[in-house]
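In what follows, a structure is listed as structure tokens, so that the remarks can point back to it.
Note that these values count all heavy atoms, side chains included, but never hydrogens, waters or copies made by symmetry. Small disclaimer: the values here were computed from a predicted structure and weren't measured. Residues: numbered from 1 along the sequence shown.
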Amino acid sequence: QDTTRDEGNETEDCRINKLRRTRKKVTKPHVSSTEIEEMDLSISEDHTRDSTQFPTLSQLSSRMKHIKQEMTTDHLQFVRFEATDLHGVSRSKSIPAHFFQEKVIHGVYMPRGYLELMPNLKDNEVNHIRATCFNSDIVLMPELSTFRVLPWAERTARVICDTFTVTGDPLLTSPRYIAKRQLSHLQGSGFSLCSAFIYDFCIFGVPEIINSKTISFPVSPLLNNHEQPFMHELIDGLYQIGANVESFSSYSRPGHMEICFLPEFGISAADNAFTLRTGVKELGRKYNYITSFFIETGFCNSGILSHSLWDVSEKQNVFCSSSGVEELTMTGKKWLAGLLKHSAALSCLMAPAVSCRKRYSKDRRDLRESVPTTWGYNDNSCAFNIKCHGEKGTRIENKLGSATANPYLVLAATIAAGLDGLQSSDGVLAEPDDSTDFYQFKPSEIPLKLADALVALEEDQCLRQALGETFIRYFVAMKKYELENEETYAERNKFLEYFI
């Protein structure tokens with residue numbers, strides 16, 4: 001507590017100097033099988049803001065007692081153990097409720113390929129990727145703070161899990177583990193992140209066969225009509241499960257909706273986005289709808305990460321100027337400089353499919369291989385939009401992402417790039433009046449081709465170190481395989497049926 005107060009009183013310059021002295025190497029936590037038994041490591045973290053702290057035995061006992069009472073009151077029959085795969089889609093195993101306490105201690109086993117392989121496996125896919133120990137099992141260890149009764153599934157609860165090898169080591173390709181590691185690194189540098197995702201998605205009716213072609217028509221509400229039973233039940237369900245929606249609206253076309261989550265600290269923002277991706281799919285089936293993050297015109301919907309940087313005590317937004325001037329502070333400018341510097345590599349993780357990248361050039365007629373990375377104040381056309389108005393204070397909207405991107409990877413990569421901007425001394429910021437030139441070196445451009453973005457990711461040493469060599473090698477191999485087997489209609493069907 002004393003350390004927290006001291007860091008909260010540091011000046012902005014002192015925090016930056018301290019950050020530059022911070023070792024960039026992040027030690028990989030190792031957990032033995034014995035510790036799993038003794039500490040109930042299955043809970044993972046009690047405080048999502050600090051991935052190095054585990055709940056005490058008394059906290060675990062109190063939480064389990066509360067969960068047992070909730071399971072009895074709601075007459076729960078099943079508990080779903082969920083984990084994210086590389087695409088950001090939920091992969092889960094459900095267990096009878098009376099086995100829950102046992103599985104909390106020992107975990108739930110799942111084939112590793114469930115989380116690391118894309119759908120519709122081909123015979124040569126494993127040989128192509130050549131992952132070490134690829135056919136082994138992994139262990140899903142639940143984080144009890146995420147236990148929620150699912151409003152759209154009968155007598156079923158869910159708990160979000162972290163993934164470990166059978167020897168107790170974290171799975172290095174796990175997006176949630178990577179995001180937690182970056183949040184821990186950020187906290188160790190004296191900062192915390194407050195963020196929220198803004199997602200677009202489309203609602204389609206039941207597919208119809210017309211002239212031997214299968215067509216899904218969008219649901220046709222009025223553009224300003226919010227009296228939709230489906231949307232009301234979705235928003236209410238998200239609230240019950242702990243994902244607070246700040247606003248929702250019809251967007252640019254019939255059946256095209258936008259949801260804005262309330263900003264939260266730590267991993268909760270990505271957990272909320274992960275919950276939406278599953279919940280909107282399951283609830284859609286109840287109404288005979290197909291909900292998708294893929295637009296019928298061939299573009300992916302957007303997935304914006306709105307975020308602000310705070311001191312470690314979460315009392316002060318360090319993007320906000322104390323003088324009342326509506327512009328980024330020096331800390332905010334350095335953070336933004338890091339995002340601009342790594343924008344090419346970031347785009348690979350935030351627009352991870354060919355269709356996602358069409359958004360970058362949809363308004364351009366010239367044939368180019370890349371587009372400039374843009375930023376601006378209150379300019380929704382920019383890749384990085386700085387908003388200084390409203391009760392939320394100054395924040396940056398990272399608009400590189402598509403709604404099909406894995407929210408945990410979006411969060412982790414944004415933190416890694418921003419931290420590099422704070423640590424770097426080569427970004428010489430201009431004065432506020434010279435805001436057209438943000439720093440002396442030229443920001444990277446965003447490749448329009450996924451293959452070029454993969455090259456940028458492989459060459460970005462900062463993101464390689466932050467996200468891990470193991471993850472980068474596997475992610476690039478998986479995307480290269482997808483490019484080699486790219487088929488437009490197959491990809492569209494994959495988005496409708498899988499990336500939901």
Note to self: Under a plain distance cut-off of 3.5 Å, with no hydrogens placed, do Arg158 and Thr275 share a side-chain donor-acceptor pair?
What the structure shows: yes
Next item on the list: Decide if the gap between the ring center of Trp310 and the ring center of Phe265 is smaller than 6.0 angstrom.
Entry: yes
Item checked: Spatial distance of atom CG (Asp169) from atom OG1 (Thr163) [nearest 0.5 Å] -> 11.5 Å
Next item on the list: Begin with the C-alpha distance, continue with both residues' side-chain angles, and end with the deciding distance and a verdict on side-chain hydrogen bond (donor to acceptor under 3.5 Å, both in side chains) for Ser90 and Ser92.
Entry: CA-CA 6 Å; Ser90 172; Ser92 64; 4.6 Å; no
Note to self: Distance alone, cut at 3.5 Å: any donor-acceptor contact between the side chains of His342 and Asp420?
What the structure shows: yes
Next item on the list: Please name the pair of heavy atoms, one in Met350 and one in Ala413, separated by the smallest distance, quoted to 0.1 Å.
Entry: CE-CB, 4.4 Å
Notebook entry, point to check: Above 12 or not: heavy atoms from other molecules or residues under 6.0 Å from NE2 of His98?
Noted result: yes
Margin query: Is there a side-chain contact between Met231 and Ile259 in this structure, where contact means two heavy atoms from C-beta onward sitting under 4.5 Å apart?
Written below: yes
Checklist line | Ring centroid separation Phe230 to Tyr287 under 6.0 Å | finding: yes
Next item on the list: Step through the shown structure and confirm whether more than 12 heavy atoms of other residues, nucleotides or ligands are within 6.0 Å of CD on Glu154.
Entry: no
Notebook entry, point to check: With no hydrogens and no angle check, is any side-chain donor or acceptor of Arg91 less than 3.5 Å from a backbone partner on Tyr114?
Noted result: yes
Notebook entry, point to check: Would the Tyr109 and Phe81 ring centres measure less than 6.0 Å apart?
Noted result: no
Next item on the list: Please work out which of the three classes, parallel, tilted or perpendicular, describes the rings of His307 and Phe319, given edges at 30° and 60°.
Entry: perpendicular
